[in-house]
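Along the sequence shown, residues carry numbers from 1.
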Amino acid sequence: MNRVNIQHIPYHPPLQSNGVNLKANTTKQSFIEHLNQASIEELKISKHASERMNERNIAISDSEWQEITEKVFEARDKGVNQPLVLMDQAALIVSAKNGTVITALDRTEARQQLFTNIDGTIVL
């Protein structure tokens, strides 16, 4: 019959300082930092998109940008990489993966366009 050797490894409790587990505390801090960073994510505007917005007189208010940003990152969390964002006055193509507005069109111009390489639509 085969013999099985069992080795006993001594138990070493986690490091503690003043009764608080340091490892758990650093993990919790990292999570809080990550959460704070995630909540301040903002969309960037590419040079191309900025030029198009200026050429086409597209003005988007801060509250609208906030709503666009929230919806784009929500879509990204659901697996959308490149959504089309339709607003009353504009249509934006956004890279949710990079958090960048790629291009912008006014709504009248957008009606005549065929949009390709998008995998989601956000209607505001």
Test item: Thr69 side-chain N/O and Trp65 main-chain N/O as donor-acceptor pair under 3.5 Å: yes
What distance separates Glu42 CD from Gln66 CD, expressed to the nearest 0.5 Å? 7.5 Å
Please say yes or no: joined through hydrophobic side-chain contacts below 4.5 Å, possibly via intermediate residues, are Ile118 and Val94 part of one cluster? no
Count the heavy atoms belonging to other residues, nucleotides or ligands that lie under 6.0 Å from CG of Asp77, then report whether that count exceeds 12. yes
Among the clusters formed by ILVMFWY side chains lying less than 4.5 Å apart, do Val72 and Met53 turn up in the same one? yes
Do the side chains of Arg52 and Ile58 get nearer than 4.5 Å, heavy atoms only? no
Mind checking whether Gln89 and Asp106 have side chains closer than 4.5 Å, heavy atoms only? no
Please determine whether side chain to side chain contact (heavy atoms under 4.5 Å, CB included) holds for the pair Gln82 and Ile93, giving the CA-CA distance in whole Å, both sets of side-chain angles, and the decisive distance to 0.1 Å. CA-CA 7 Å; Gln82 198 158 338; Ile93 301 289; 3.7 Å; yes
May I ask you to test the Arg76-Asn81 pair for a side-chain heavy-atom distance under 4.5 Å? no
Criterion side chain to side chain contact (heavy atoms under 4.5 Å, CB included) against Leu92, the qualifying member of Leu105, Ile102, Val85: Val85
In this structure, CD of Gln113 is separated from OG1 of Thr103 (nearest 0.5 Å) by 9.5 Å
Does a salt bridge link Glu74 with Lys78, judged by any charged N lying under 4.0 Å from a carboxylate O? yes
Distance (rounded to the nearest 0.5 Å) between Leu84 CG and Asp119 CG: 11.0 Å
Evaluation steps, side-chain hydrogen bond (donor to acceptor under 3.5 Å, both in side chains), between Glu64 and Ser61: CA-CA 5 Å; Glu64 289 173 320; Ser61 70; 3.3 Å; yes
Give the cluster check for Ile68 versus Ile122: same hydrophobic cluster or not, with ILVMFWY residues linked at side-chain heavy-atom distances below 4.5 Å. yes
Any side-chain heavy-atom pair of Leu43 and Phe73 under 4.5 Å: yes
Indicate, with yes or no, if Val101 and Leu86 share a hydrophobic cluster defined by side-chain heavy-atom contacts under 4.5 Å among Ile, Leu, Val, Met, Phe, Trp and Tyr. no
I would like to know whether Arg56 and Glu109 meet side chain to side chain contact (heavy atoms under 4.5 Å, CB included); could you show each step before the answer? CA-CA 10 Å; Arg56 296 167 176 149; Glu109 184 181 19; 2.9 Å; yes
